[in-house]
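Hydrogens, waters and symmetry mates play no part in the numbers below; they use all other heavy atoms, side chains included.
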Amino acid sequence: MTANIEMSRNRLILVTAGVMLTLLLAALDQTIVGTAMPRIIADLNGFDKYAWVTTAYLVTSTVTVPIAGKLGDLFGRKPFILIGIIGFMAMSWACGFSQDMTQLIIFRGAQGLFGGILFASVFTVLADIFTPKTRAKMQGVFGGVFGLASVIGPAAGGFITDNWGWRWVFYVNIPVGVLGLALLLAFLPYVRSKATWRDIDFAGAFLMMAGLVPIMISLSNTSTYGWGSWQTLLPLVGGFVLLIGFVVVEHFEAEPIVPLSLFKNRAFTVSVIVGTLSGFGMFGAIIFVPLVFQGVLGVSATNSGTLITPMMFGLIGASILSGQLMVRIRDYKWLGTIGAAIMAGGLFLLSEVTIHSTQVQVTTALIIVGAGLGITFPLYLNAVQSAVEKRYLGVVSSNMQFFRNLGGTLATAIFGSILANRMGPNIQDQLNRLNLPAVFKSNFRLPKGAGGAQQIFNAANLAKERASLPVPFRPFFDQAIVAVKMGLAQTMHEVFLIALVFVLVTLVATVFMPSVPLLAARRQPGAELGEESPVPDAQPEAEAAAV
């Protein structure tokens with residue numbers, strides 16, 4: 001696969017629009033469905049299978065990304081991005097047509113397979129059609145598209161569900177996909193490859209999927225079964241054993257899905273570490289901040305979703321700015337250090353939130369976290385694409401996405417476990433300090449887990465519970481609710497501090513990032529993949545003015 005395909009200005013614009021629609025298709029689906037889930041489980045009677053709708057998509061999309069990236073390197077990007085769009089639209093229709101939760105879970109898992117192909121292809125196509133300096137700017141813009149999907153997705157999901165029905169949350173993907181498919185089918189060039197099916201690493205693909213699937217499932221269900229249960233440990237250990245076999249196979253494979261020699265390249269290794277650990281900060285903020293708004297500050301569920309939006313605006317703005325700055329600053333690698341430091345500052349501010357904090361304080365912290373994340377997204381992807389041979393563009397691009405998703409999954413499991421295990425004791429500790437009458441404490445029901453906390457802070461439920469108590473007990477009820485909020489705030493303090501530790505490790509890792517010239521690079525004859533002395537390729541940048 002040759003990078004920087006020659007195209008006319010108009011054709012380049014149309015291809016860019018098609019790729020942007022493809023990214024919007026995949027990214028919007030991740031955020032728009034969540035809003036419709038309560039209506040879906042009510043309609044299909046599947047509350048007990050609620051988590052599997054998300055888990056099925058997350059697992060299949062994550063494990064597909066690195067495999068699709070490698071296949072794109074071997075056989076060209078165009079066939080895979082077209083297959084990804086067609087399959088994604090077909091499974092979107094199937095999800096909308098589902099008659100029960102089991103069907104929805106199966107179709108959602110199949111949709112994740114094609115979603116993984118799309119995520120693996122989008123940013124690699126950018127590397128194919130733009131020179132590195134222009135690519136840096138465009139990746140900032142595309143990072144903004146991803147953030148925009150996170151902003152409009154929940155609101156769009158709510159509107160569609162309320163006015164058209166939850167099935168249209170899936171059907172709406174089809175017109176977006178058709179337009180993107182038409183543009184890419186007509187205008188994206190197909191670069192032929194000499195690779196054959198014999199070059200496919202079947203053993204590596206099987207071992208990767210067989211190892212990652214049980215690990216992802218076990219991590220996703222730690223809050224249900226706990227870390228020490230056999231339901232968690234058995235698939236976790238089995239998955240790691242299979243991944244060891246995967247590493248052995250990749251060592252001897254001629255065309256491995258993940259060339260192990262890539263890890264000799266310091267730019268790739270540092271970028272993977274930063275991507276994985278920054279996922280902790282991102283998911284820690286996105287997933288658990290609504291609990292802060294609803295549980296600690298008493299904001300309604302609808303308004304709490306709106307208050308997270310500024311984080312995405314911070315991410316979008318910083319992503320675009322980072323793409324512009326990194327082509328103008330010689331030692332642009334320090335932007336990554338600045339981004340990690342900003343993200344760490346935002347997480348520290350979140351850890352300091354108490355029942356006396358204001359919505360403005362929390363929102364400001366979220367904007368800071370989003371800005372830090374936005375700086376790192378385009379920077380490390382573009383740097384690692386410039387640090388390896390052109391034939392590995394798909395591999396490194398897809399692996400960056402894969403490790404970021406893996407970091408998010410780990411964060412969800414770890415933080416969810418902390419929340420489940422620490423919230424009860426923290427709330428009980430706060431209640432014990434009140435010295436409430438024994439007769440009241442015996443009738444006061446503590447929330448169980450994160451779901452219970454959100455339920456008890458529902459204003460209607462609180463009013464109903466308070467009204468059911470004798471009048472003399474109502475002041476004690478008010479004191480107990482404040483204590484529960486303080487216990488929840490203490491738990492969130494612990495969660496965000498642990499997320500902060502991971503981001504501080506990220507900060508240290510960014511210092512070791514080498515200075516990679518933003519030039520299309522090739523290796524000197526005989527040089528190993530892991531060496532870091534790229535020879536600039538005399539690739540013109542004629543298309544730089546096209547966008």
Side-chain angles (χ1 to χ4, degrees), residues 27 30-31 34 139-155 274-275 277-326 334-380 404 407-408 411 415 489 492-493 495-500 502-504 506-507 510:
Q30 290 187 324
T31 57
Q139 283 171 349
V141 174
F142 273 67
V145 172
F146 196 94
L148 182 63
S150 301
V151 172
I152 66 175
V274 171
L277 295 180
S278 64
F280 278 80
M282 179 174 72
F283 279 79
I286 292 176
I287 293 176
F288 295 104
V289 163
L291 194 55
V292 173
F293 277 126
Q294 296 175 44
V296 178
L297 303 185
V299 179
S300 69
T302 302
N303 289 337
S304 71
T306 304
L307 290 169
I308 299 176
T309 300
M311 174 183 171
M312 292 306 168
F313 283 125
L315 189 151
I316 294 169
S319 180
I320 295 173
L321 181 63
S322 176
Q324 296 293 323
L325 287 178
M326 68 183 298
W334 296 111
L335 288 173
T337 306
I338 294 172
I342 291 173
M343 184 167 30
L347 284 171
F348 175 75
L349 291 177
L350 284 175
S351 73
E352 295 298 298
V353 172
T354 69
I355 62 172
H356 304 295
S357 299
T358 64
Q359 296 178 21
V360 173
Q361 289 175 280
V362 180
T363 302
T364 300
L366 284 174
I367 294 173
I368 294 172
V369 172
L373 284 166
I375 291 173
T376 63
F377 276 6
L379 189 148
Y380 287 99
R404 187 176 293 119
F415 295 151
M492 299 313 302
H493 170 77
V495 167
F496 288 127
L497 280 185
I498 293 173
L500 176 60
F502 283 103
V503 174
L504 290 176
T506 305
L507 177 63
T510 62

>> Please find the pair of heavy atoms, one from Leu347 and one from Phe496, that lie closest to each other, and give the distance.
In response: O-CB, 4.0 Å
> Looking only at heavy atoms, what is the nearest atom pair of Gly336 and Tyr380, with distance?
Replying inline: CA-OH, 3.4 Å
> In Å, rounded to the nearest 0.5 Å, how long is the span from CG of Leu315 to CD1 of Ile320?
Replying inline: 10.0 Å
> Just how far is it from atom CG of Leu366 to atom CD of Gln361, taken to the nearest 0.5 Å?
Replying inline: 12.0 Å
Applying side-chain contact (heavy atoms from CB on, under 4.5 Å), can you list everything that pairs with [X], at least two apart in sequence or on another chain?
{"X": "Ser322", "answer": "Ile375, Pro378, Leu379"}
{"X": "Ile368", "answer": "Ile342, Leu349, Thr364"}
{"X": "Leu507", "answer": "Thr337, Ala340, Ala341, Leu504, Thr510"}
{"X": "Leu325", "answer": "Leu321, Ile329, Leu335"}

> Would a 4.5 Å heavy-atom cut-off, applied to side chains only, mark Leu277 and Val503 as touching?
Replying inline: no
> Phe502 and side chain to side chain contact (heavy atoms under 4.5 Å, CB included): which partner among Leu500, Ile498, Thr506?
Replying inline: Ile498
>> Taking side-chain hydrogen bond (donor to acceptor under 3.5 Å, both in side chains) as the cut-off, I'd like each qualifying pair that reaches into residues 341-355, sequence neighbours left out, listed once.
In response: none
